[in-house]
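For ligands, and for the atoms within them, numbers begin at 1 and follow the listed sequence.
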Amino acid sequence: MADRPVVIVSNRGPLSFKIGHYGVLVATRGAGGLVSGIGPLVVGTPTTWIAAALSPGDRDAAEGGVVEAEGFRVHMLALDPDDFGAAYDVVCNATLWFAYHGLFDLSRRPVFDRAWAGAWDAYRRVNTAFADAVAADAPDGAAVLVQDYHVALLGSLLAERRPDLRTVLFSHTPFPGPEELRVLPLDVRTELLGGMAAHHACGFHTHRWAGAFAACCHADLGVVPATFVSPLGPEPADIGAVAGSAACARELADLDRQLDGRKLVARVDRIELSKNLLRGFAAYDDLLTHHPEWRERVVFGAFVYPSREGLEEYHGYRRQVEGVVADLNRRWSTPAWEPVLFDASDHFARSVAALRRSDVLLVNPIRDGLNLVAKEGPLVNDRHGVLLLSPEAGAWEELGDAAIGVHPYDVVGTAEAMHRALSMGAGERAAHAEALRAVATARTPADWLADQLAAAG
Ligand code: G6P
């Protein structure tokens with residue numbers, strides 16, 4: 001794969017262990033886009049993947065040091081549970097994620113109190129534990145590919161421990177500009193940016209995020225570190241295999257029965273604040289109100305699955321989403337038609353069936369690092385589906401010319417875009433779909449991995 005040995009570091013690893021009968025550990029593929037993207041490329045290679053032990057089974061597996069299973073070599077770290085909880089929930093999910101996605105309700109959050117300072121200490125300790133593991137495991141001169149904000153301080157920690165290593169940090173999230181990053185106190189953002197900038201290079205999915213990061217470093221550190229831009233793309237063979245599977249065919253038949261010939265506006269997302277589910281439903285409500293011709297002729301299929309349920313904001317958001325769906329169905333349903341199909345079952349074959357069957361795919365995030373669904377949809381769609389895409393998704397940089405833009409806060413504009421997409425003639429749909437497919441297949445995970453190794457030098 002590369003001249004240098006490779007080590008991958010991420011919070012969520014490629015394997016998840018369960019304690020089976022008689023205490024035997026059973027490995028399954030971990031969840032998440034990172035694993036489905038680069039997992040197949042490192043299977044069967046000597047690459048070591050260092051990740052946090054997330055489940056009790058993972059913690060048992062961690063005791064054995066490096067574990068080999070399903071073609072992966074994984075080193076799970078059994079971190080102190082209190083440290084892990086504070087670092088993951090308080091720093092990563094409730095602070096950095098909110099700052100990067102512009103999600104703070106500023107009259108209330110963030111609050112940098114003493115409890116937060118304790119969580120930041122925990123975040124430092126978690127990063128130090130990762131750095132110690134890399135320092136112990138990494139072969140001489142290895143390329144260390146660090147993924148995301150959970151482990152952002154590794155650059156500086158590894159520079160002290162193992163100057164022979166070449167470290168690259170890839171951020172899958174957006175990155176805010178200097179004005180927005182000022183929501184973090186100066187000492188925190190200096191340490192954060194310093195830890196990131198100490199990698200040999202920092203990669204992002206778009207020029208926009210890379211430029212914002214460089215501007216933040218310039219403003220707060222007075223330096224501009226090496227950055228590179230490398231958007232991830234889906235692996236056509238992998239998503240194609242799911243789309244062609246018997247399980248997907250069963251789900252598609254089931255969905256077809258439910259839709260009964262109606263058009264499908266679909267979304268496939270985590271139930272996540274940045275995904276903007278509420279305004280998507282508000283736009284659909286507006287469509288049914290102001291374009292009555294679509295009543296009984298369209299279904300909004302929300303294939304969404306729970307995420308980060310340990311955080312109160314996420315719980316509340318899920319409840320609100322479910323309330324809005326119930327309200328829409330109560331107000332608009334007729335004996336023959338339920339306007340919203342809400343599916344929170346986290347069933348990948350069913351989500352892919354929805355992507356195949358959709359006439360319109362709604363991807364309207366408030367902000368998103370990339371959004372792989374925007375590329376996966378056009379790749380597997382059977383019906384020349386139209387993509388409605390927020391310019392705040394990183395994927396817009398590549399797909400913007402082929403998709404219809406929907407401003408994430410503009411509910412009327414989104415409703416009108418739904419109407420336009422649903423009304424579009426066959427010729428225009430085919431042209432759209434062809435353009436979308438060309439962009440969606442332009443880059444694969446192998447290109448993305450190669451860019452990181454090139455950046456490692
Ligand atoms: C999304 C983001 C990634 C992030 C991941 C963490 O997939 O795009 O940037 O690493 O969430 O999710 P988790 O469930 O592990 O908190």
Side-chain angles (χ1 to χ4, degrees), residues 8-16 29-39 49-55 58 76-77 79 84-103 123 126-127 130 145-152 154 168-176 192 196 202-206 208-210 212-213 230-234 268-277 304-315 317-318 344 346 348 351 363 365-376 390 392-396 445 448 452:
I8 297 175
V9 186
S10 65
N11 181 58
R12 197 177 279 280
L15 296 176
S16 165
R29 284 277 180 109
L34 187 63
V35 175
S36 51
I38 55 174
W49 196 320
I50 301 176
L54 300 176
S55 67
D58 290 356
M76 298 247 176
L77 303 185
L79 301 158
F84 179 78
Y88 180 69
D89 286 335
V90 179
V91 174
C92 294
N93 290 342
T95 307
L96 299 182
W97 182 271
F98 275 62
Y100 292 175
H101 291 80
L103 287 171
Y123 179 77
V126 165
N127 272 258
F130 270 99
L145 309 183
V146 182
Q147 308 297 313
D148 253 342
Y149 48 93
H150 314 89
V151 275
L154 248 60
V168 173
L169 174 66
F170 196 91
S171 296
H172 295 262
T173 58
F175 207 84
L192 178 70
M196 294 176 76
C202 290
F204 296 86
H205 287 301
T206 70
R208 181 176 169 195
W209 315 139
F213 170 68
S230 178
L232 184 57
V268 176
D269 279 307
R270 292 188 294 137
I271 302 179
E272 144 71 67
L273 284 72
S274 62
K275 301 294 183 186
N276 206 19
L277 277 77
V304 292
Y305 44 98
S307 159
R308 299 182 193 160
E309 295 202 291
L311 287 193
E312 178 44 41
E313 284 93 339
Y314 282 67
H315 254 294
Y317 192 68
R318 181 177 179 175
D346 193 6
F348 191 52
S351 299
V363 181
I366 286 170
R367 209 178 284 169
D368 215 335
L370 179 77
N371 198 300
L372 212 49
V373 172
K375 294 184 175 182
E376 289 169 338
S390 161
E392 297 304 305
W396 179 261
W448 177 73
Q452 283 180 81

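- Using a 3.5 Å distance cut-off with no hydrogens or angles, the side chains of Glu392 and Ser390 do not pair a donor with an acceptor.
- The pair Glu313-Arg308 fails the salt-bridge criterion, with no side-chain N (NZ, NE, NH1 or NH2) lying under 4.0 Å from an Asp/Glu carboxylate O.
- Ligand 1 has His150 within reach: a non-hydrogen atom of the residue lies less than 4.0 Å from it.
- Set against the non-hydrogen atoms of Thr173, the atoms of ligand 1 under 4.0 Å away are 9 (O).
- Residue contacts with ligand 1: Arg270 is included, with a non-hydrogen atom under 4.0 Å away.
- Between Asn11 and Phe84, some side-chain heavy-atom pair lies under the 4.5 Å cut-off.
- Residue, atom and distance of the protein heavy atom nearest to atom 15 (O) of ligand 1 are Arg12 NE, 2.8 Å.
- Among all protein heavy atoms, the one lying closest to atom 16 (O) of ligand 1 is Tyr88 OH, 2.5 Å.
- Of the candidates His172, His205, Arg308, it is His172 that places a heavy atom closest to atom 8 (O) of ligand 1.
- Of the protein's heavy atoms, Asp148 OD2, 3.2 Å lies nearest to atom 4 (C) of ligand 1.
- For Tyr123 and His150, the ring centers are positioned 6.0 Å apart or more.
- Note that NE2 of His101 is 6.0 Å distant from OG1 of Thr173, once rounded to the nearest 0.5 Å.
- Annotation: side chain of His172 is not in contact with side chain of Trp209 (no heavy-atom distance under 4.5 Å).
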